[in-house]
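Start at 1 and go down the list; that is how both ligands and their atoms are numbered.
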Amino acid sequence: MFGLVWVKMSETKKLEETIRKHSLMNAYLHKGKAQPQIVLGKVLGELPRYRGKAKEILEIVNGIVEEVTKLSVEEQKKLIMENWPWLLEEKPKPEKKVLPPLPNADKYPKVITRFSPNPDCALHLGSARAIVLSWKYAKMYNGEFYLRFEDTDPRYKRPQPEFYDLIREDLEWLGCKWDKEIIQSDRLEIYYEYAKKLLENGYAYVCTCKPENFREKILASKACSCRNQPSEIQLEKWEKMLGGNYNEGEAVVRIKTDLNHPNPAVRDWPALRIIDTEKFPHPRVGSKYRVWPLYNFSCGLDDHLLGITHIIRGKEHLTNELRQKYLYRYFGWEYPESIHYGRLKITGAVLSKSKIKLGIENGTYTDYGDPKLATLLALRRRGIKPQAIIEMMVEVGVKPVDVTLSWENLYAINRKIVDPEANRYFFVSNPIQLEISEVEKPYLVKLYLHPDYPERGFRTFQIQPKNGKVKFYVSNTDLQILQPQKVVRLMGLFNIQVKNVENGKVEAKFHSETYEEAKKFHASLIHYIPFGEGFPATIIMPDGSNVEGLVETSCKKLKPSEIVQFERFGFVRIEKINLKLIAYFSHK
Ligand SMILES: [Zn+2]
């Protein structure tokens, strides 16, 4: 008996101490004045067992806040120093997953990394890895991060004007700000200059063989007849290439390598070719140029010319590195440090540009932001936070082994981020009617916008019975719960007992009021919208389907891009609101 009283007393004391602590802190941080609602939120956050008693606690809070506010800021600070000195100390930043150090970072005055997309498609979750890691490393070393558009193939991997902007938007959204932007189609004269140097010095040649003849020779480790022609002839042929004397496919500049290289794909690789830009004009420079560098040539040169110190990319680029190193040897340059990570697969996500583009052409996807896609645009629409993507990519890191993730991995990270900020509302999908009789009096339902943050306030419903009857909309998926004789609790309101279910219409009667009573009957909790409340909503699901329903009227105040949680349904991102609410489903 004595023990029980002691426990109770110490509990009350602990509660009061907690309230005093938060009141003092809140007052100290706000020029001596504490806000009771905010103090209440902090207290319930620390002592969640009191959440059901917010009203009683608020009374105690009001009393203590009043006492605390009478003190001067100096006195408040003194009390905190005496009792909770750690509250005034600078909070250490939460421990973040740190990437392994970059190789030879101290060899360079400044670490410079780059992300170099071809603007021929929208970026997706796979591209996010290169972006996030390159950017993060630049930040880690106080270096710079460049965005380089590799748009030198106007024919086969044709850049499109809208993707330059979309890529910039995606990077901005991710928060990966770039220090410099480079567009390769502005740099053709530079590539020509270096091609000429190589031709002059016998490190490259203009090959005018038929492709099939060249292939046959190179597979047999034999030189074609163009390879050993003197440099005057090479330069003459080069001028003819630039002057338009060859058609597409008739001449190509090749870099001399080892004809016996074990990988035939490395042997005398093509560096520049002719593209008929009258037929295939470049979206930025039109038909101004006919000779275009291939990937390894422009990328290899630019990494050096732009001072890139560390290249972070997928291991599918290992062969490209072997090719590019010939250029570095010929020019006497040192190859940047390169880090090659393994493949990243996300179960159920299409991470192939060609498949994405094909799906858009054939109508499988509505556009690049189709919720079925894993493009950054689609993820943004669906309410996935950039921090979630960054966290996931840092977690995956630069491991050379292949990694397979699931959507659920991303959702779990995102849920942690959005849960505290997302206010809660009722959305009744595919509504059916629920009629309750024997309701003796009106009710005012007060539901927290977020139970962990009572200071954000409530949503309210007025329940006004007519002849003892009230009508609600409930979701048709709750028909499994609303079985005859079952006791069910309407969240924040009262308990009902189902009488009858017919033609998707449920009849029930008032059962009892308290939550304790509901627990006794193992009653399920359901959400609802009273008749006369609410307005229509469409939720666009990740599989592209729509769920129709009703949301409570207080959702009218929401803004596009806001992320909310529809109770018992999931998180959604508001797309627009006028007479109807349109939202994208994020995840459960
Ligand atoms: Zn040849």
Using only heavy-atom distances, determine whether the side chains of Gln324 and Tyr335 contain a donor-acceptor pair under 3.5 Å.
yes
Can a donor-acceptor pair be found between the side chains of Ser475 and Ser429 at a distance below 3.5 Å?
yes
Contacts of the Zn ion (ligand 1) with protein N/O/S atoms, counting only those under 2.8 Å:
Cys207 SG, Cys209 SG, Cys224 SG, Cys226 SG
Under 3.5 Å, is there a donor-acceptor pair linking the side chains of Tyr368 and Glu162?
no
Note: Glu361-Lys357 ion pair, threshold 4.0 Å (strictly below):
no
Output yes when a side-chain donor or acceptor of Arg381 lies under 3.5 Å from a complementary backbone atom of Ala583, and no otherwise.
no
Just by distance, with hydrogens left out, do Asp370 and Thr366 show a side-chain donor and acceptor under 3.5 Å apart?
yes
